[in-house]
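Report on one structure; see the data block that follows.
Quick note: numbers below take in every heavy atom, side chains included, and nothing from hydrogens, waters or symmetry partners. In the text below, chain A, chain B and the rest are named by the order of the sequence lines, each starting its count at 1.
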Amino acid sequence: MSTIHELPAQYDPGETEGAIYQRWIDAGIFSAEEKRSRRNGGDRDPFVIVMPPPNVTAVLHMGHGLNNTVQDVIVRWRRMVGDEALWVPGTDHAGIATQNIIEKQLAAEGKTKADLGREAFVARTVAFVEETGGEILRQLKAIGASADWNRTAYTFSPELSRGVREAFVQLYERGLIYRGHRVIHWCPRCMTSLSDEEAEHTEELGSLYTILYALAIPASGSRRTPAEQLAGGNTDVVFGHIPVATTRPETMLGDVALAVHPEDEKFKKLIGMEAQIPLTDIKIPIIADEYVDPTFGTGIVKITPAHDANDFEVGKRHKLPMPVIMAPNGTMANGVDADSRVPADLLGIDRFEARERIIRALEKTKQLDHVKPHHHAVRHCYRCDTVVEPRLSDQWFVKMEPLAKPALKAVRDGTIRILPERWEAVYINWLENIRDWNISRQLWWGHRIPVWYCDECDQMIVSRTDVAACDKCGGEVRQDEDVLDTWFSSWLFPISTLGWPDTSAAALAAFYPTDDLITAPEILFFWVSRMIMAGYAFMDAPPFHTVYLHGTVRDMNHVKMSKSLGNGIDPLDVVTKYGADALRYTVISGMGMGADLMLDPKDLDRSFAPGRNFATKLWNIGRFLLANVGSSPVRSVDELRDNELTLADRWILGRLNATILECDVALGPARPEKGKWRPEERYSGLRLSEFAEAARRFVWNDLADWYLETTKARIGVAGGDSEVARAVLTHAFDYALRLLHPIMPFITETLWQRLPFPVDADRSEFLAVAPWPLPHPESREERAAMTSFDLVCDAVRAVRQIRSDYAIPPGKSMDVAIQSRAHESLFADHAPLIGRLSRSDVKVGGQATEAGAAHAVLADGSEVIVPLGGLVDLTRECGKLRAELKQLETQLDALSSRLQNEGFTSRAPANVVQAERQKQQDWTKRRQQLAEKVTALCGG
RNA sequence: GGGCGAGUAGCUCAGUUGGUUAGAGCGCCUGCCUUACACGCAGGAUGUCGGGGGUUCGAGUCCCUCCUCGCCCACCA
């Protein structure tokens with residue numbers, strides 16, 4: 001018999017995890033091969049997940065931990081099932097985010113990027129990324145990520161950059177990319193334009209200023225004076241002044257008109273007149289436009305075409321000038337068409353300071369009518385949180401509507417499903433109202449736009465390769481200064497990482513379309529929906545069939561974890577303290593479908609207790625097994641004859657089978673059966689917490705709590721069935737480890753490596769590639785065996801409860817009688833087991849004495865009776881019995897009246913009525929027994 | 001402003017098409033260091049299923065309404 005010393009008493013993950021991971025890598029089990037994919041003539045179904053690439057400069061946080069654990073669980077599961085499982089890892093060059101980091105570094109050195117110049121700046125960024133970048137991928141290995149690292153991708157690599165150019169040029173050639181002159185979101189801090197999605201709304205309490213514009217006599221003005229015109233008695237308009245409401249008074253300097261609704265009776269007469277911008281001598285027309293809502297503010301709107309998207313539209317309709325009155329950095333300046341609209345004392349002043357100054361000046365001239373608090377949505381830069389400024393400029397746009405069409409259809413017709421279901425509506429709503437995508441950024445870090453200009457012959461060249469000279473005049477060309485939105489490279493990730501634009505790439509053929517996409521809902525629009533569009537646009541096929549959106553990691557106050565708030569948890573701390581498996585199990589078991597995960601950064605012990613405790617439990621089962629079962633080969637369960645198996649053996653094998661079924665149901669179908677999700681399977685599966693719970697329940701509540709205990713009387717006992725118990729126990733644990741491996745890869749692999757196996761077992765070298773357990777249909781015999789053993793467990797619980805209730809010391813001997821209704825022999829046969837499992841020195845089969853006995857009723861109506869023989873105060877038992885009797889009578893009354901209700905008996909399904917009738921009989925019988933007992937014991 | 005989701009034990013959440021006495025983990029209480037495990041074992045307590053109304057023989061589950069939170073979208077200056 002081998003010794004317990006094979007496994008240390010305490011599980012030390014730090015000791016084993018790194019070494020095991022290296023062995024997996026060395027064996028190449030995370031590497032997928034194109035030729036093994038069925039699509040490439042192989043014999044395995046491909047199963048592919050493309051990792052949402054973290055920013056190349058990112059450091060692992062719990063959000064990554066959650067996201068990648070989910071992916072790894074799924075990939076490991078499919079790998080064991082036998083799929084050619086591929087998990088493509090990668091990083092994102094993260095345009096704005098990375099550029100901001102370098103700019104901060106420069107600022108610390110007292111420099112700006114202009115000091116370096118573009119080339120040096122980019123070189124420095126490249127060096128920084130090379131030096132520090134990709135650290136997060138190394139960290140992912142620490143949590144067990146089984147990605148195919150040979151395929152690690154980077155959005156700014158030469159290969160992927162080729163795809164970016166190809167995509168741009170193709171879309172341009174199809175007329176889907178164009179240069180647009182319009183108002184876009186501009187971040188004055190990052191000094192770049194942003195897409196609609198990158199300018200995030202936040203509800204804020206600001207102010208609504210009502211400013212009085214003086215009426216001016218129309219230029220053509222030979223008609224009546226304003227005073228005469230207004231003499232009609234309109235009291236809403238201050239004589240000679242027009243009240244205009246605005247939240248951004250500083251944009252006043254860019255006004256080119258005031259607008260009223262054409263049908264607004266109140267102001268109709270103002271149309272065609274002129275007003276004067278306060279503090280200036282600029283006169284602007286008063287125009288009519290349907291855009292104005294007469295019921296909001298004063299009913300008169302100032303029109304600032306260069307600094308408001310709506311005003312821009314109005315300006316276009318009325319062919320108004322569009323003066324730009326701010327510099328790119330958000331200070332006041334006379335830009336395009338502004339002449340000298342901005343007065344000298346405001347030049348170079350920040351927009352918010354300018355707002356204050358203008359307000360003060362208006363107060364002086366009495367042109368500030370009033371100010372009132374105003375809730376409104378303000379857009380902020382998603383990278384630096386600066387208030388975004390609408391700004392007129394030239395940008396490149398992608399025409400989205402044609403791209404959105406197939407993406408919309410895919411979700412509608414079940415080609416792609418989104419889990420949880422509710423996000424599908426959000427997705428559809430967004431795509432139905434999609435707007436063109438601004439893809440140019442005024443940054444240095446990113447893919448330069450592949451467009452060259454020849455100033456000589458006013459030529460624009462869009463090209464897949466670098467252009468050295470004008471193809472018309474041979475003259476000098478200059479490349480567009482702007483770079484592309486980071487998301488313009490990541491939307492290609494599923495295809496570009498597999499070799500696109502080389503459409504004959506083996507990887508593309510073998511692994512595209514991929515299967516699942518796992519990410520957070522925040523980037524549903526940024527990334528997920530655009531990937532779907534790109535998939536159809538460039539491959540004419542969806543990139544994946546399942547989008548799984550998981551929740552956010554939050555602290556106990558439901559605040560999202562973040563480094564800046566200081567409420568984060570470093571996953572690597574958790575790995576060091578409790579092991580990667582503890583982290584993974586905790587995260588998976590605690591996360592419902594799409595629900596947020598709450599963890600307490602101040603109490604890691606408590607937060608990760610579920611995972612840590614369960615890992616320890618597994619470890620100790622392993623220790624028991626090695627100490628008792630030993631390491632010598634076991635018999636194969638397949639060869640065990642039915643008559644060799646005990647009831648407990650049959651029970652645990654049945655429970656194992658049921659558990660496998662539960663796990664499979666929770667995990668669900670890996671892919672749609674026929675290309676499209678059928679309604680009944682569409683939202684099933686990927687219930688990872690249910691999968692974890694089913695496996696945990698089996699290991700802990702079935703295997704450890706019950707079955708393992710029953711083997712203690714068998715294993716190593718001469719002349720008994722030690723070999724049967726060894727075989728069954730080992731088999732059950734082996735399969736439990738297989739089920740748990742996707743969630744807890746390290747500890748399961750460690751234990752599995754030491755498990756004894758049958759001599760001629762066909763076993764893989766690693767649990768990581770061991771076959772996933774296959775369930776079999778449950779037989780009637782199996783079902784019966786399980787019910788019988790459940791009754792034995794019931795009896796044990798009854799004895800334990802009585803012992804606990806009456807505080808009978810563990811050492812005290814108890815006589816136990818079990819009066820069986822239908823299972824005379826069951827309890828007789830298992831008397832020793834009941835004694836053993838109840839950990840009492842009980843003698844089952846003792847005489848049942850009605851008086852002075854504790855009793856308990858089992859599921860099948862059998863009774864467990866323990867004569868208390870003066871051990872305890874009988875009044876206590878009497879009280880208990882009376883309470884029980886009373887409760888039973890109440891419930892029986894309710895049940896009886898229900899059964900007397902004709903509505904119920906006639907309308908409820910027959911089986912329900914039948915069950916209720918049976919219950920009524922059982923309860924009536926029990927009531928009689930109880931009543932007799934009370935009389936006997938307590939004298940009525 | 002539009003759309004969506006949630007409110008079940010102290011906390012985090014399960015509760016399938018309406019059908020036994022509403023569950024789990026953590027926490028809590030009691031007793032145990034029982035030779036795999038005190039990161040454990042055994043036993044136990046705790047719910048007006050957000051409020052109100054309705055449909056039904058029967059509602060946590062379906063309908064209406066109200067309240068409270070959260071998310072997404074949005075050009076009301």
Atom P, compared across B:U65 and B:C72: separation rounded to whole Å: 26 Å

Would you check if there is a donor-acceptor pair between the side chains of A:Ser896 and A:Gln920 at a distance under 3.5 Å? yes

Distance between the C1' atoms of B:G47 and B:C13, in whole angstroms? 15 Å

Rounded to whole angstroms, how far apart are CH2 on A:Trp430 and P on B:C72? 15 Å

In whole angstroms, the gap separating P of B:G5 from CD1 of A:Ile418 amounts to 15 Å

Return the nucleotide paired to B:U55: Watson-Crick means purine N1 to pyrimidine N3 with N6-O4 or O6-N4, wobble means G-U with N1-O2 and O6-N3, both under 3.5 Å. none

With a 3.5 Å cut-off and no angle check, do the side chains of A:Glu204 and A:His380 form a donor-acceptor pair? yes

Taking the P atom of each, how far is B:C28 from B:C39, in whole Å? 13 Å

With both distances under 3.5 angstrom, what nucleotide forms a Watson-Crick or G-U wobble pair with B:C71? B:G3

Whole-angstrom distance between B:A24 and B:U46, as gauged at atom C1': 15 Å

Taking the P atom of each, how far is B:C49 from B:A22, in whole Å? 11 Å

Nucleotide forming a Watson-Crick or wobble pair with B:G60, both distances under 3.5 Å: none

Using the P atoms only, state how far B:G60 lies from B:G1, rounded to an integer number of Å. 34 Å

Say you pick atom C1' in B:G27 and the same atom in B:C71; how far apart are they, in whole Å? 29 Å

Roughly how far apart, to the nearest Å, are B:U34 and B:G40 at atom P? 16 Å

Under the ring-ring contact (aromatic ring centres under 6.0 Å, His included) rule, what do A:Phe526 and A:Tyr382 come out as? Steps first, then yes or no, please. CA-CA 11 Å; A:Phe526 276 116; A:Tyr382 84 131; 5.1 Å; yes

How would you label the contact of A:Arg917 with the nucleic acid (heavy atoms, under 4.0 Å): base, sugar-phosphate, or nothing? nothing

Tell me the partner of B:C49, counting only Watson-Crick (N1-N3 plus N6-O4 or O6-N4) or G-U wobble (N1-O2 and O6-N3) with both under 3.5 Å; none if nothing fits. none

Partner of B:U20 by Watson-Crick or G-U wobble geometry, both contacts under 3.5 Å, or none? none

Does A:Trp706 have A:Arg800 sitting over its ring (NZ/CZ under 6.0 Å from centre, angle to axis within 45°)? yes

